[in-house]
Amino acid sequence: MKEKRYWQNSEPYHLVEVLIEGNNVIFKDWFDSGKDPNRNDWSFKEFLSGKGKEEIIYQLGDSVYFEILGEVKKIQSRE
């Protein structure tokens, strides 16, 4: 089964994206689609220690945070 590597909110005019690239979790917060997003990159180690938890829960909810956390743990266990 292929792991999920992309999540986003469905709120109009304010896009929040979280994706897994390599060994990083990337959080993008687009307030204005014509400009660069606010962006945070966390290594798996940082993410597993709690970095990004508040931002993701605030923007996307608990269930999405724990889904992302599960994917990170699954990917890291294979390496």
Side-chain angles (χ1 to χ4, degrees):
M1 179 183 222
K2 186 172 176 165
E3 63 266 340
K4 187 169 181 183
R5 293 185 172 256
Y6 179 81
W7 297 262
Q8 73 177 44
N9 68 350
S10 57
E11 188 177 314
Y13 308 112
H14 182 200
L15 175 63
V16 174
E17 300 175 302
V18 178
L19 54 136
I20 297 174
E21 278 186 7
N23 290 328
N24 293 298
V25 176
I26 300 168
F27 177 87
K28 295 181 183 179
D29 190 353
W30 302 82
F31 286 108
D32 183 345
S33 62
K35 303 199 179 203
D36 290 336
N38 294 325
R39 178 181 167 137
N40 290 303
D41 294 48
W42 303 294
S43 68
F44 282 179
K45 184 177 179 180
E46 291 172 324
F47 190 75
L48 291 170
S49 73
K51 295 250 181 171
K53 180 178 181 177
E54 289 181 20
E55 293 94 327
I56 293 171
I57 289 175
Y58 180 75
Q59 295 292 347
L60 301 171
D62 286 348
S63 62
V64 172
Y65 172 76
F66 288 111
E67 185 179 337
I68 296 166
L69 184 62
E71 290 297 325
V72 167
K73 288 179 179 178
K74 191 175 4 172
I75 293 166
Q76 192 171 46
S77 72
R78 286 184 279 172
E79 295 179 352

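We use all heavy atoms of the structure for the numbers below, so side chains are in, but hydrogens, waters and symmetry mates are not.
- You'll find the side chain of Leu48 reaches within 4.5 Å of the side chain of Leu69, heavy atoms only.
- Side-chain atoms of Asn24 do not come within 3.5 Å of backbone N or O of Asp41 as any donor-acceptor pair.
- Heavy atoms of other residues, nucleotides or ligands lying less than 6.0 angstrom from NZ of Lys28 number more than 12.
- For Lys51 against Trp42, the heavy-atom pair with the smallest separation is CB-CD1, 3.7 Å.
- With values rounded to the nearest 0.5 angstrom, Leu15 atom CG is found 5.5 Å from Asn9 atom CG.
- The shortest distance between side-chain heavy atoms of Phe27 and Val16 falls below 4.5 Å.
- The distance from the CD1 atom of Ile68 to the OH atom of Tyr6 is 11.0 Å, given to the nearest 0.5 Å.
- The two residues Gly22 and Phe44 have their closest heavy-atom pair at O-CZ, 3.7 Å.
- With a 4.5 Å cut-off on side-chain heavy atoms, Phe47 and Ile20 do not count as touching.
- In Tyr58, the OH atom is not crowded: 12 or fewer heavy atoms of neighbouring residues, nucleotides or ligands sit closer than 6.0 Å.
- Looking at heavy atoms from C-beta onward, Gln59 lies out of side-chain contact with Glu11 at the 4.5 angstrom threshold.
- A continuous path of Ile, Leu, Val, Met, Phe, Trp and Tyr side chains, each step under 4.5 Å between heavy atoms, connects Val72 with Val64, placing both in one hydrophobic cluster.
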Handout entry: Derivation and outcome, side-chain contact (heavy atoms from CB on, under 4.5 Å), residues Gln8 and Leu19
Key = CA-CA 9 Å; Gln8 73 177 44; Leu19 54 136; over 6 Å; no

